Amino acid sequence: MRGLFVTIEGIDGCGKTTQARLLHKRLLRDGIDTVLTHEPTDGQIGKLIQKLLKGQGEVPAKLLALLFAADRYDHVEKLIRPALQSGKIVICDRYYHSSIAYQSSMGVDEAYVKCINDFAVKPDLAILLRISAKTATARVTKRKHVQYTEQETLQTRVQQKYEQLCREGELIPIDAEGNRADVQRKIWALVSEKLSERHVHYERSAP
Ligand code: TYD
């Protein structure tokens, strides 16, 4: 039996970390075995990425792309794949669609980004929390020092890339300009639909 893999994407300040936590809580409350995780990870490579992003000056875009892919490889092998194989639900706050959107917006060839991420398990449900770059930047600026990946011009390009991924059917968009409970309800509608599809599938595949 394979679990369900849900990823949540969006520009910085879209509220995905809060929403990922709320979804996790809701599933646990319903007695469903669920793991909440995020990228960059808290592993060795993830920590190095976080340090580089917080530091002074920009890191070469291609180097960042390779580091994110290496961090993801470790994440998939150590956590995501085993959890899915044991039938758990995995919620991941950012995944390879972040690399496609951010690294290609920083100038790395999109085909190259896809190629170095070709090992990544495909999500069953990849959600985009859609918000304007202006609202997102205002939120980010209010709460902390702004990293160079969070500047409004880059965020606008990233948002456009995310929109392209929606048109290609890679991501399902949700309007995230509204209040927290509203967004939570919309995410739950998508997840519960997937869960019921799975339930039917499991019943059918039962001996
Ligand atoms: P995140 O942890 O979501 O931001 P925060 O620390 O503000 O909660 O991600 C950190 C930054 O890394 C964010 O600006 C997006 C960027 N990022 C990429 O550029 N590529 C990737 O593949 C991932 C996973 C994140």
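Worth saying up front: this structure is predicted, and the values here are computed from it rather than measured. All ligand and atom numbering here is 1-based and tracks the order in the structure.
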Legend entry - ligand 1 atoms in contact with P40 (distance to a heavy atom under 4.0 Å): 2 (O), 9 (O)
Legend entry - Side-chain ion pair, K16 and D93, N-O less than 4.0 Å: yes
Inset, instruction - Would you kindly specify which portion of R72 sits under 4.0 Å from ligand 1, judged on non-hydrogen atoms: side chain, backbone, both or neither? - result: side chain
Legend entry - Atom indices of ligand 1, in the order listed, that fall short of 4.0 Å to a heavy atom of K16: 3 (O)
Legend entry - Contact (N/O only, under 3.5 Å) between E39 and ligand 1: no
Inset, instruction - May I ask you to say whether D12 pairs ionically with R139, meaning some side-chain N is under 4.0 Å from a carboxylate O? - result: no
Inset, instruction - Give a yes/no on ligand 1: does L53 have at least one heavy atom closer than 4.0 angstrom to it? - result: yes
Legend entry - Step-by-step salt bridge (charged side-chain N to carboxylate O under 4.0 Å, His left out) determination, K47 to D71: CA-CA 9 Å; K47 281 206 176 109; D71 183 40; over 6 Å; no
Inset, instruction - Answer side chain, backbone, both or neither: which part of I49 comes under 4.0 Å from ligand 1, heavy atoms only. - result: neither
Inset, instruction - Would you mind telling me which of T37, L27, I127, L125 makes a side chain to side chain contact (heavy atoms under 4.5 Å, CB included) with I91? - result: L27
Inset, instruction - Indicate yes or no: does an N/O atom of Y102 lie under 3.5 Å from an N/O atom of ligand 1? - result: no
Inset, instruction - Only pairs at least two apart or in different chains count here, so list each side-chain hydrogen bond (donor to acceptor under 3.5 Å, both in side chains) that has a residue in residues 109-122. - result: R72-N117, E110-K114, E110-K161, E110-Q164
Legend entry - Contact check: S99 vs ligand 1, nitrogen or oxygen atoms, below 3.5 angstrom: yes
Legend entry - R130 bridged to E177 by N-O distance under 4.0 Å: no
Legend entry - Pair E77 + R81: basic N to acidic O under 4.0 Å: yes
Inset, instruction - Check each atom of ligand 1 against the heavy atoms of Q103 and keep those under 4.0 Å away; list them by number with element. - result: 18 (C), 19 (O), 20 (N), 21 (C), 22 (O)
